[in-house]
Amino acid sequence: MNSDKEANQETCELPIHTRDGEFLAQYSKKGLCGLSFPSRNSRNGDPLRDAPIQAQIRRWHEETTHALENALAGQPVREFPPLDLSAGTDFQQRVWKILKSIRCGKTLSYGQVADEIGDRKAVRAVGRACGANPIPVLIPCHRVLASKQKIGGFSGGLDWKRKLLAREGVLLLD
DNA sequence: TAAGTGCGTCGTT
DNA sequence: AACGACGCACTTA
């Protein structure tokens, strides 16, 4: 577990409009710490609408926006904003780091990720860690498949996983 | 073979 | 103590 769990509760949420709907990016003082898929009920009568946004966060948000646009188009992301993954456990952070290394259009199996961690038997734990990924799409947990190129699962809904993989040209077996 | 069942194993709640 | 975004061995038809 992390010691400074409650330390920075201060986060700033900003929307990102895409052809796939309105994502929501969440920033801490350290960087991008969350990204959520479009949801129907997220029309915001935003009480903090006029709150001043720090220049640094605006800059990060620009980077996030560009990164997300590329990722949604199935193209490699050139530049990332700083990512704040400090909310995750050590194990989760190890998994997420491996996910970041999977290049666009490539995939790993849950088992292969477990191998890279150094413990094949941790396969199921890897699946759990993938599901806990706070920044989907940008941290490409959708590029982790079950064995034999089967789709596996996805916390954001399997439709999203299929869509993202299809745009990167990945073929599934299912 | 294709589809279904059972169980090992590990981090998290 | 119980539960998974798994994987493998092992039934069945």
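Atoms considered below: every heavy atom in the structure, side chains included; atoms not considered: hydrogens, waters and symmetry mates. Just so we're on the same page: letters track the sequence lines, and every chain starts at 1.
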| CD/A/E22 to OG/A/S39 distance, rounded to the nearest 0.5 angstrom? | 8.5 Å
| request: Go through the side-chain N and O atoms of A/S147 and A/Y110 and say whether any donor and acceptor fall under 3.5 Å apart. | output: no
| field | d(CD1, A/I117; C1', C/dG7) in whole Å | value | 16 Å
| field | Expected output: side-chain A/K148 to main-chain A/L173 donor-acceptor under 3.5 Å | value | no
| task | With rounding to the nearest 0.5 Å, note down the distance linking CZ in A/R162 to CG in A/L172. | result | 8.0 Å
| query | Any side chain to side chain donor-acceptor pair (under 3.5 Å) pairs touching residues 116-125 of chain A, not counting sequence neighbours? | reply | A/D115-A/R120
| Under 3.5 Å: donor-acceptor pair, side chain of A/Q92, backbone of A/T89 | yes
| Rounded interatomic separation in angstrom, taking CG from A/L173 and C1' from C/dC6 | 17 Å
| query | In the 5'-to-3' direction, what one-character label does each nucleotide of nucleotides 4-11 of chain B receive under the scheme B = base within less than 4.0 Å of a protein heavy atom, S = sugar-phosphate only, - = no such atom? | reply | ----BBBB
| said: Angle between ring planes, A/F37 versus A/F23, binned at 30° and 60°: parallel, tilted or perpendicular? | reply: tilted
| remark: Residues at least two apart in sequence or cross-chain that pass salt bridge (charged side-chain N to carboxylate O under 4.0 Å, His left out) with A/R58, listed by chain then number, are none
| query | Under a cut-off of 3.5 Å for both distances of each Watson-Crick or G-U pair, what dot-bracket string does DNA chain B give, using [ ] for crossing pairs and | for inter-strand pairs? | reply | ||||||||.||||
With a cut-off of 3.5 Å and sequence neighbours excluded, list every side-chain donor-acceptor pair involving residues 130-146 of chain A.
unit_1: A/N133; atom_1: OD1; unit_2: A/I135; atom_2: N; d: 3.0
unit_1: A/N133; atom_1: ND2; unit_2: A/I139; atom_2: O; d: 2.9
unit_1: A/H142; atom_1: NE2; unit_2: A/E168; atom_2: OE2; d: 2.9
unit_1: A/R143; atom_1: NE; unit_2: A/E168; atom_2: OE1; d: 2.9
unit_1: A/R143; atom_1: NE; unit_2: A/E168; atom_2: OE2; d: 3.2
unit_1: A/R143; atom_1: NH1; unit_2: A/I102; atom_2: O; d: 2.8
unit_1: A/R143; atom_1: NH2; unit_2: A/E168; atom_2: OE2; d: 2.9

| field | Close residues, residues 132-167 of chain A, relative to DNA chain B [heavy-atom separation under 4.0 Å] | value | none
| message | As an exercise, state the distance from SG of A/C12 to CH2 of A/W60, rounded to the nearest 0.5 Å. | response | 10.0 Å
